[in-house]
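Notes follow once the structure below has been shown.
Note that ligands are numbered from 1 as they come in the structure, with each ligand's atoms numbered from 1 the same way.
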Amino acid sequence: MERKERIGVVGAGLMGREIALVFALAGYQVLLADQSAEALEVAIARLREIVDKGIARALYQAGDKGALGRIATTIDLADFFDRDFVTEAVFEREDVKASVYARLDAVCKPSCLIATNTSTIPIAVLASHVGAARRRNFVGTHYFSPVSRMKLVEVVPGIETAVKTVEVAMRFCRDVGKTPIVIKDVPGFAVNRLLHVLMIEAVRLVEEEVATPEDIDAACRLGLGHPMGPFELMDLTTSSLCLQAQQIMFDAYGERFRPRPLLKQRVQAGYIGGRGKPGWRNRDSNCDSS
Ligand SMILES: NC(=O)c1ccc[n+]([C@@H]2O[C@H](COP(=O)([O-])OP(=O)(O)OC[C@H]3O[C@@H](n4cnc5c(N)ncnc54)[C@H](O)[C@@H]3O)[C@@H](O)[C@H]2O)c1
C-alpha cells in the first residue's frame, strides 16, 4: 500500500536507517540523509541484508524487497522541502542536532513535524533550537534497537508540543507497526529508568560475587523471561553507553542511579564490549560481538 505523506530521516546510522526501513515497509516514500554518500551506501547495504534475511519482512505484512525502492538518499537537507514528517537520528550531541534543526527549520514547510530519536537530551532543550513557530511541531519519538524488531516507541512532548503533534506522531508509529506510549520529558524517559535499575543491581551482584555475569544473564532469560540478560545487553550496546546513561540519571535522580564502581573501572580500562572490544562476556580482546 502506497501512503501519501512524505517521510524524512536524518542520520543513516544504526537507528536512522532502520527507522527509514520501517516507514518504507509500511508503504511510505522515505528520504534518508547522512553526511556522505559512503555512509548512505553502507546504510542501504545493511538494510538490504535485513530485508534479504526476512527479519523485517516476517513482521510487516506490507514488507517486501521493494521497500528499499521507496528509500531515496541525499546528503543535502535542502531536499527535505516537501517532507511531512522528519525524524532526526544523528549523533547524540546537542550541537550536532541543533545544526540539523536549524537547516531543517529553514527548508521544511511550516506544517512539517520534526521528531527526534534522542535517548538522553531533554526534548524541551532540543526544541529550543527550532524557531518559535516550529516548536509546536517538535516531538520526541524514542525507538529501540533493533528498530526493525522492537515494537515500542516512547513519544515525548516538549513544553510547547501541540496535542495534535503528539496524535500525529502516535498515528505514524502505529502505521509502521509500533506501539507508541506517551512519556513525560524526564531524563531516561521510562524505559531507561527501568532498565538501569536492573543493570545497576546486576553489576552489584557481580561485585558481591553472588553470581557470574553468565549466570545472571541466564537468570534474567530463564527466570524472568527477558530475551537477553543485562550483561549480554551491555556487551551489545557497550558498557560506556550504559555508564553515560547512568551518569545522566544519577545527576537527575541521585543515589538510586549511581553507577557501580566496577562498571566505571571496566569502562576506564577499556572493557566496554561492542564490536571488537572485550566486554563482560566477550573476554577475548579480538572478539567481535556484533
Ligand atoms: N543506538 C541505540 O541503541 C539508540 C537507541 C535509542 C535512541 N538512540 C539515539 O538515536 C540517535 C542516533 O543513534 P545511532 O546509534 O543510530 O548513532 P550512529 O552513530 O549509528 O548514527 C548517527 C548517524 O548520524 C550521521 N550524522 C551525524 N551528523 C549528521 C549531520 N549533520 N547530518 C546528517 N547525518 C549526520 C552520522 O554520519 C551517522 O551515520 C542518537 O540520538 C541516539 O541517542 C540510539
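- Listed by number with element, the atoms of ligand 1 under 4.0 angstrom from any heavy atom of G13 are 16 (O), 20 (O), 21 (O), 23 (C), 39 (O).
- Per-residue contacts place V100 under 4.0 angstrom from the following atoms of ligand 1 (heavy atoms of the residue considered): 30 (C), 31 (N).
- At least one heavy atom of V96 sits under 4.0 Å from some atom of ligand 1.
- Atoms of ligand 1 found under 4.0 Å from any heavy atom of S145 (numbered from 1 in listed order, with element): 3 (O).
- Less than 4.0 angstrom separates some heavy atom of H142 from each of these atoms of ligand 1: 6 (C), 7 (C).
- At a heavy-atom distance under 4.0 Å, only side-chain atoms of V10, from C-beta outward, approach ligand 1.
- Residues R281 and D235 are not paired through a salt bridge, judged by the lack of any N-O separation under 4.0 Å between the basic side chain and the carboxylate.
- The other members of the hydrophobic cluster of F250, by chain and number, are V186, V197, I200, M249, Y253, F257 (side-chain heavy atoms under 4.5 Å, ILVMFWY only).
- Contact check on R134 versus D105 returns a salt bridge, with a Lys/Arg side-chain nitrogen under 4.0 Å from an Asp/Glu carboxylate oxygen.
- When only modelled atom types and interatomic distance are considered, T120 and E92 share a side-chain donor-acceptor pair under 3.5 Å.
- Between D175 and R171 there is a salt bridge, since a side-chain N of the basic residue sits under 4.0 Å from a carboxylate O of the acidic one.
- Residue A39 places no heavy atom under 4.0 Å from ligand 1.
- Distances from ligand 1 to the non-hydrogen atoms of K97 include at least one value under 4.0 Å.
- At least one protein heavy atom sits closer than 4.0 Å to atom 21 (O) of ligand 1.
- Although no hydrogens or angles enter the test, the distance criterion places no donor-acceptor pair under 3.5 Å between the side chain of R3 and the main chain of Y28.
- Of the heavy atoms in Y143, only backbone atoms (N, CA, C, O) come closer than 4.0 Å to ligand 1.
- Side-chain contact check for V191 versus H196: every heavy-atom pair is 4.5 Å or farther apart.
- Those atoms of ligand 1 that come under 4.0 Å of a heavy atom in S119, given as number and element, are 6 (C), 7 (C), 8 (N), 9 (C), 42 (C), 43 (O), 44 (C).
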